[in-house]
Amino acid sequence: MKVYLDNNATTPLHPEVKKEMAAAMEMFGNPSSMHAWGREARANVEDARHKVARFIGADDQEVVFVGSGSEANNTVLSLFVCASSQCIPGTSMRNAIITTKIEHPCVLETSECLMHRGVNVEYLDVDQYGRIDLDQLKGMLGDHVGLVSVMMANNEIGTLQDIRAITEMVHESGAFMHTDAVQAVGKIPVDVRDLGVDFLTMSAHKIYGPKGVGALFVKKGIPYCPLIRGGHQEKGRRAGTENTLGILGMARAVEMRALEMHEEEARLLVMKEVLRKGIEERIDDIYFNGHPTESLAGTLNVSFPGAEGESILLYLDLEGIAVSTGSACASGSLDPSHVLLATGSDAERAHGSIRISMGRDTTMEEVEYLLDVLPGIISRIRNMSTAYIKGGAHAASR
Ligand SMILES: *Cc1c(COP(=O)(O)O)cnc(C)c1O
C-alpha cells in the first residue's frame with residue numbers, strides 16, 4: 001500500500017488542474033505580445049487573476065503572480081529595504097520588522113539577511129501551542145516598526161494565528177501587515193478584506209496546483225518595490241514572462257478548492273481525531289505538538305521521545321508511507337525543528353517528531369494502515385536507540 005501523508009510539503013495535481021493545463025499546453029503566446037497569440041494568452045492570464053483574486057476577496061489588480069510562495073515572501077520583506085533606501089521616490093519606511101520564531105525558512109533567512117543590511121528585525125515568541133502573544137506584540141510595536149510578518153497557518157504543526165486581531169493592532173501602530181498564508185489559503189476561509197492585511201502570500205502546489213507558481217496580494221496604495229526587475233509584466237511588479245501554464249493551473253486549483261474545501265476539511269478533522277486517539281491508545285510516552293483546536297484539520301505533529309524522527313520516516317517509507325520530520329532538511333542538517341524548539345519542546349522531543357499531513361486523497365483506510373504499522377516501528381527504534389546510547393557510553397569510556 002502506498003500512502004502519501006506529506007501534503008504540507010506538496011500535493012498532487014488535482015485531476016481538473018491536469019485537464020486545464022493539458023488543454024493550455026498548445027497556448028504558447030507571450031501575454032505581452034499585441035498579436036492574436038499574445039492576446040489569447042493575456043486574456044487567459046487575466047481570467048486566472050480574476051479567479052485567484054475572487055477566491056481571497058481581492059480586486060484583480062491587487063494580485064501579482066510570482067514564481068513561488070518563497071518568492072512572494074522574499075518580495076515583501078525585501079520591498080521594505082528597497083522602500084527605506086529611497087529606491088521608491090517619496091517613500092521612507094520605518095526601519096524595523098517584527099516576525100515570529102516559527103516562520104517558514106524563506107521568511108527567517110530573508111529576515112536574517114536584512115539584519116545585515118541594517119534593518120532591525122525582532123522576533124515574537126510563541127507559546128507551547130505555537131501561538132504568538134498579542135501583549136508581547138503590543139509591547140514591541142512603535143514608531144520604528146514598518147512591517148509585521150506573521151504566518152497564518154504553520155506548516156510543521158498546523159497552528160493558526162488570529163491574523164485579524166494581529167492586523168488590527170499592527171495598523172493602530174502605523175505599520176504594514178503581511179501574512180504567509182501558503183498553508184491557510186484553500187484550507188480555511190481567507191478573505192483579505194476581512195483580515196485587513198496589506199500583503200498575503202499564496203502558493204499553488206500546496207493546494208493541488210502546479211509547482212513554481214504563487215501569488216502575492218498587495219493592497220491598493222501600498223508602497224511596493226519589485227524583487228525581480230526588468231519587463232513591465234504584472235504592471236511592473238514582477239518582471240519575467242508570465243508562467244501562463246502555471247498561472248492557469250493555479251486558478252483552476254483555487255476554483256476546485258472553493259468547491260471542495262469545506263467538505264474536505266470536515267473529513268480531515270474526523271480522520272485526525274481517529275489518528276490522534278489511535279496513536280494515544282497504542283503508543284506510550286507521546287506528545288502532540290501544535291494547538292489542539294486552532295489548527296489545520298489535516299496536520300498532526302507528534303513526538304515520540306527516544307525515537308529519531310528521521311528513523312521513523314525511513315521505517316515508514318519502507319512500509320510505503322510518506323511523512324516528514326520537522327528537521328531543517330532543506331539545509332541538510334539534522335538540527336531539531338526551530339518551530340518545536342520555539343514552542344518550548346526539548347531537543348529530544350523535537351528530534352523525535354514526525355509530521356503527518358493529510359489531503360484530499362487521504363482515506364480512512366490509509367489512516368488505519370498507519371496506525372497498524374506505527375507502534376511496531378516506534379518500539380523497534382526505541383529499543384535500538386537504548387542500545388545505541390549504551391554502546392556510545394561504552395565507547396566513550398574506553
Ligand atoms: C511551502 C511553504 C512556503 C514556500 O512556498 P513555495 O511555493 O514552495 O516556495 C512558504 N510558506 C509556507 C508556510 C509553506 O508551507
Side-chain angles (χ1 to χ4, degrees), residues 3-12 69 101-106 108 126 128-131 151-160 180 182-184 187-188 203 205-207 265 268-269 271-276 278-280 283 286-305 307-317 319-331 333-362 366-367 369-371 373-374 377-378 381:
V3 178
Y4 185 76
L5 295 171
D6 199 12
N7 287 275
N8 286 14
T10 196
T11 53
K101 291 183 178 163
I102 62 162
E103 297 300 308
H104 190 272
C106 65
L108 291 178
V126 293
Q128 60 173 318
Y129 303 119
R131 294 263 261 174
M151 73 199 315
M152 192 161 182
N154 183 272
N155 45 306
E156 287 187 29
I157 56 176
T159 298
L160 306 173
D180 171 356
V182 168
Q183 293 289 351
K187 296 178 185 170
I188 57 171
S203 177
H205 76 97
K206 304 286 175 75
I207 48 171
E265 290 300 288
L268 291 176
L269 201 56
M271 292 197 292
K272 180 155 95 170
E273 281 319 302
V274 169
L275 205 46
R276 205 200 297 260
I279 291 174
E280 224 160 35
I283 308 171
I286 51 144
Y287 297 88
F288 293 111
N289 303 302
H291 199 284
T293 55
E294 297 302 304
S295 169
L296 292 173
T299 306
L300 186 67
N301 189 306
V302 53
S303 289
F304 305 93
E308 290 276 323
E310 283 72 21
S311 306
I312 306 171
L313 185 154
L314 293 174
Y315 274 103
L316 284 172
D317 190 41
E319 304 292 339
I321 302 173
V323 300
S324 80
T325 64
S327 302
C329 43
S331 60
S333 85
L334 292 178
D335 290 343
S337 149
H338 68 285
V339 176
L340 293 182
L341 292 181
T343 63
S345 177
D346 61 36
E348 198 191 9
R349 246 175 81 182
H351 271 302
S353 83
I354 58 166
R355 175 186 71 187
I356 301 160
S357 51
M358 301 178 286
R360 66 184 293 277
D361 296 325
T362 309
E366 293 178 336
V367 166
Y369 176 55
L370 173 64
L371 286 173
V373 302
L374 191 60
I377 288 175
I378 300 298
I381 300 173

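Atom set for the values below is all heavy atoms of this structure, side chains included, hydrogens, waters and symmetry mates excluded. Predicted model, so just to flag it, every value in this text is computed and none were measured.
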Item to complete: Check whether any side-chain N or O of Lys101 sits under 3.5 Å from a backbone N or O of Leu341 as a donor-acceptor pair, and report yes or no.
Response: no
Worksheet item: Can you tell me how far the OG atom of Ser353 sits from the CD1 atom of Ile286, to the nearest 0.5 Å?
Response: 13.0 Å
Worksheet item: Between Ser203 (side chain) and Val182 (backbone), is there a donor-acceptor pair under 3.5 Å?
Response: no
Discussion item. Within this structure, what is the CG-CG distance for the pair Leu5 and Asp361, rounded to the nearest 0.5 Å?
Written reply: 11.0 Å
Worksheet item: Shortest non-hydrogen contact from Ile354 to Gly309?
Response: CG2-O, 3.9 Å
Practice prompt. State which residues pass salt bridge (Lys or Arg N to Asp or Glu O under 4.0 Å) with Glu280; sequence neighbours excluded, sorted by chain then number.
Written response: none
Practice prompt. Flag the pair Tyr129 / Ser295 as yes when at least one side-chain heavy-atom distance between them is below 4.5 Å, and no otherwise.
Written response: no
Discussion item. Ignoring hydrogens, what is the shortest heavy-atom contact between Lys206 and Ala9? Give both atom names and the distance.
Written reply: CE-O, 3.2 Å
Worksheet item: If you look at every heavy atom in Ser303 and Arg349, which pair is closest and at what distance?
Response: OG-O, 2.8 Å
Discussion item. Nearest 0.5 angstrom please: Leu316 CG to Leu370 CG, how far?
Written reply: 6.0 Å
Item to complete: Write down the atom of Leu374, the atom of Phe304, and the distance for their closest heavy-atom approach.
Response: CD2-CZ, 3.8 Å
Worksheet item: At what distance, to the nearest 0.5 angstrom, does CG of Leu269 lie from CZ of Arg276?
Response: 8.5 Å
Fill in: Tyr369 atom OH, over 12 foreign heavy atoms within 6.0 Å
yes
Discussion item. Does either side chain, that of Thr343 or that of Asn289, offer a donor lying less than 3.5 Å from an acceptor on the other one?
Written reply: no
Worksheet item: For Thr11 and Ile207, which heavy atoms make the closest approach, and how far apart are they?
Response: OG1-N, 3.6 Å
Fill in: Test item: Glu103 side-chain N/O and Met151 main-chain N/O as donor-acceptor pair under 3.5 Å
yes
Worksheet item: When rounded to the nearest 0.5 angstrom, what is the spacing between CE in Met152 and CG in Leu160?
Response: 7.5 Å
Practice prompt. Over all heavy atoms of both residues, which pair between Glu310 and His351 is shortest? Give the atoms and the distance, please.
Written response: OE1-O, 4.4 Å
Worksheet entry | Check: Ile312 and Val302 side chains under 4.5 Å, non-hydrogen atoms | no
Fill in: Approximate separation, where rounding is to 0.5 Å, of Leu313 CG and Ile321 CD1
11.0 Å
Worksheet item: Between Asp6 and Arg355, is any pair of side-chain heavy atoms under 4.5 Å apart?
Response: yes
Fill in: Beyond-backbone contact of Val274 with Leu371, side-chain heavy atoms, under 4.5 angstrom
yes
Worksheet item: Taking Asn8 as the fixed residue, which of Asn155, Asn301, Thr299, Asn154 is the one that meets the side chain to side chain donor-acceptor pair (under 3.5 Å) rule?
Response: Thr299
Worksheet item: Below 4.5 Å, heavy atoms only, C-beta onward: do Tyr4 and Thr10 meet side chain to side chain?
Response: yes
